[in-house]
Amino acid sequence: MDAQAVLRLKRIATEIRKGVITAVASAGSGHPGGSLSISDIMAYLYFEKMNVDPKDPKNPDRDRFVMSKGHCSPALYSTLAHRGFFPVEDLNGFRQASSYLEGHPNMDKVPGVDMSTGSLGQGISAAVGMALAGKLDRKNYRVYVVMGDGELEEGAVWEAAMCAAHYQLDNLTAFVDYNGLQIDGKITEVMNPEPIADKFKAFGWEVLSIDAHDFNQIEEAVKHAESVKGKPTVIVAHSVKGKGVSFMENQVGWHGTAPKKEQAQQAIEELDAYLASLG
Amino acid sequence: MAEKIATRVAYGKALAEIGSDENIVVLDADLSKSTRTDLFKKEYPDRHFNIGIAEGNMMTVAAGLASCGKTVFASTFAMFAAGRAFDQIRNSICYPNLNVKIGATHAGISVGEDGASHQAIEDLALMRSIPNMTVIQPADGVSTIALVKQAAKIDGPVYLRLGRLDVPIIYPEDATFEIGKGVTIKQGDDIAIIATGLMVEPAITAAKTLEEQGISARVIDIHTIKPIDVDLIVKAAKETGAILTCEEHNIYGGLGSAVAEVVVRHYPVPMEMLGIEDKFGKSGKPADLLPMYGLTPENIVDKAKKLLERKRG
């Protein structure tokens, strides 16, 4: 990826992060930490990689995306809004009774959402179903799914992992947002899901490990996944929870807490300053 | 058609019949020889997927397939569908209103020898409480085939409660059924016996006995528990003044509750519920278990007479 392309994605990812802060602050609740950690991956998928059309969100040939860690809806909504699926201003209504932007993604109400999620461990199964449908219909679309590292504690994830390998779903690419933190603390202390890469390898997946905030590494991994035949790929994306907002970075307290007005303002100022520094 | 056939077998046959529609995909969880989706697999192996012993995954894989336009039948025992995979059915299938049909076989105590761990007596309560879900329990092979075919045409989730046990054919081959519409099998004015599933046949037998004793009992098959046939139930309440429900399910939360909800809201009359009296099943031959749990024509007759005494005051 050339420098210009990286710069463009950095700008988009920063706008996505600003949308995350706006949404969560407006709602007074929500999950900023894990939304900020996947914003770069979201920017790459929706603005560089995936075949999607905001004017035709249900096109049967489109690439699919499943936010298996549904509580990171702010990242998904902000990405979809900036991609043109609905007005960016609507992020102000997040989680409010008058809005269609449910706390967790709802495919019936929100344009561009391919699967309703929220109950952890299920999105990966839905992605397996979509990939299976793609194989049955001999379509070329790809299916992307983002899971949390804490989410791997759900046993259902491994039922789905077994199934994806069994049916050789090479049209499925999963990301694990490996930020090391879940609500109650460090994943290694709450219920250790490690070694993550070895587990997926043992389940028959192609496994890659990347820096979740390096666009070149994201692109290289996604392209590698496309070249793999006969098995699904998981990209273990080492990330920083709260990435881009100094006081949120690596702080478990920001998993599911909304910033107060002044904090939100500071976060937006920091992100704006970063945008300005990009030129 | 044979004189007796289990509704699960009729289900498998129906799937094989409608399988020429290339949009239909069938999933199973290592029980295809029992749920009888093997009958579909034999004809259309490319569209039958064994998901293994992983019912939760199966339900959400079904949701993913349905989100891509497939009509998906996902099958396992009722216990492991409604019970184990409740969250997946609720959140991944019903909440987004996806086109998944759950073929839940081996419901109720008539599972027999496998015992209580495999005998779902709570599934109607669980499934009918989820928004967007249609709940169907056919009484025989003929109605099963017709209702499975209709379920395939509904765009949305359907729970099909099916049995392991061979049950008598009640309806003629050319009988017609409509999801949401009960069937009045026998007219009567003194009392209405409203039954579902394998209790429909003993209800018919009981009505004959009552007739011999000068009691005119109406018999209604409620094959669709949800949406329930409000008009037919209200009509029965008005015209008979007493309703007895019969089901192979816990007395809490199933057909009895569903009918009572209609009756108390629209036309309260004395009611009695015959079902499993809030206790777990056990191992045994179905022929031994059904009487042990009171699911017999004799018990229906007994309960009907007591209810008539209440009606007369």
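Chain identifiers are assigned alphabetically (A, B, ...) following the order of the sequence lines, protein sequences preceding nucleic acid strands; residue numbering begins at 1 within each chain. Remember, it's a predicted structure, so these values are computed and weren't measured experimentally.
- With values rounded to the nearest 0.5 angstrom, B:Ile225 atom CD1 is found 8.5 Å from B:His249 atom NE2.
- At a heavy-atom cut-off of under 4.5 Å, chain A is reached by no residue from residues 110-125 of chain B.
- Interface check for chain B: of the options A:Ala160, A:Gly129, A:Gly134, the most heavy-atom pairs under 4.5 Å are formed by A:Gly129.
- Ring geometry for A:Trp158 against A:Phe203 counts as tilted: the plane angle lies between 30° and 60°, on a 0 to 90° scale.
- Taking chain B as the reference chain and counting heavy-atom pairs below 4.5 Å, the highest number among A:Ile124, A:Val143, A:Asp137, A:Val157 is found for A:Asp137.
- To the nearest 0.5 Å, atoms OG1 (B:Thr7) and CD1 (B:Ile136) are separated by 12.5 Å.
- Because its NZ or CZ atom is not both nearer than 6.0 Å to the ring centre of B:Tyr11 and within 45° of the ring axis, B:Arg36 does not count as a cation-pi partner of that residue.
- Rounding to the nearest 0.5 Å places CE of B:Met127 at 13.5 Å from CD of B:Gln137.
- The interface of residues 76-89 of chain B with chain A, defined by heavy-atom distances below 4.5 Å, comprises B:Asp87, B:Gln88.
- Interface remark: B:Val25 contributes side-chain atoms only to the contact with chain A (heavy atom separation under 4.5 Å).
- Between chain A and the options B:Ala62, B:Ser67, B:Gly64, the largest number of non-hydrogen pairs under 4.5 Å is found for B:Gly64.
- B:Glu261 and B:Lys226 are not joined by a salt bridge, as no carboxylate oxygen comes within less than 4.0 angstrom of a charged side-chain nitrogen.
- A perpendicular orientation is assigned to the rings of B:Phe177 and B:His223, their planes being inclined by more than 60° (bins at 30° and 60°).
- Annotation: maximal heavy-atom pairing with chain B below 4.5 Å, among A:Asp108, A:Asp114, A:Val66, occurs at A:Asp108.
- Atom-to-atom distance recorded for A:His166:NE2 and B:Asn50:CG is 7.5 Å, nearest 0.5 angstrom.
- Put simply, OH on A:Tyr44 and OH on A:Tyr144 are 7.0 Å apart, with the number rounded to the nearest 0.5 Å.
- With respect to chain B, the highest number of heavy-atom pairs below 4.5 Å among A:Ala127, A:Ala131, A:Ala126 belongs to A:Ala126.
- Using a 4.5 Å cut-off between heavy atoms, A:Glu154 does not touch chain B at all.
- Of the possible donor and acceptor atoms, none in the side chain of A:Lys69 sits under 3.5 Å from a partner among the backbone N and O of A:Asp177.
- Using a 4.5 Å cut-off between heavy atoms, A:Leu136 touches chain B through its side chain atoms alone.
- The only option from A:Tyr77, A:Phe86, A:Phe85, A:Phe94 that meets the ring pair (Phe, Tyr, Trp, His ring centres under 6.0 Å) definition with A:Tyr100 turns out to be A:Phe86.
- Ring orientation note: the planes of A:His31 and A:His255 are nearly perpendicular, at an angle over 60° on the 30°/60° scale.
- Here the straight-line distance linking atom CD1 of B:Ile93 with atom CD1 of B:Ile130 works out to 9.0 Å at 0.5 Å rounding.
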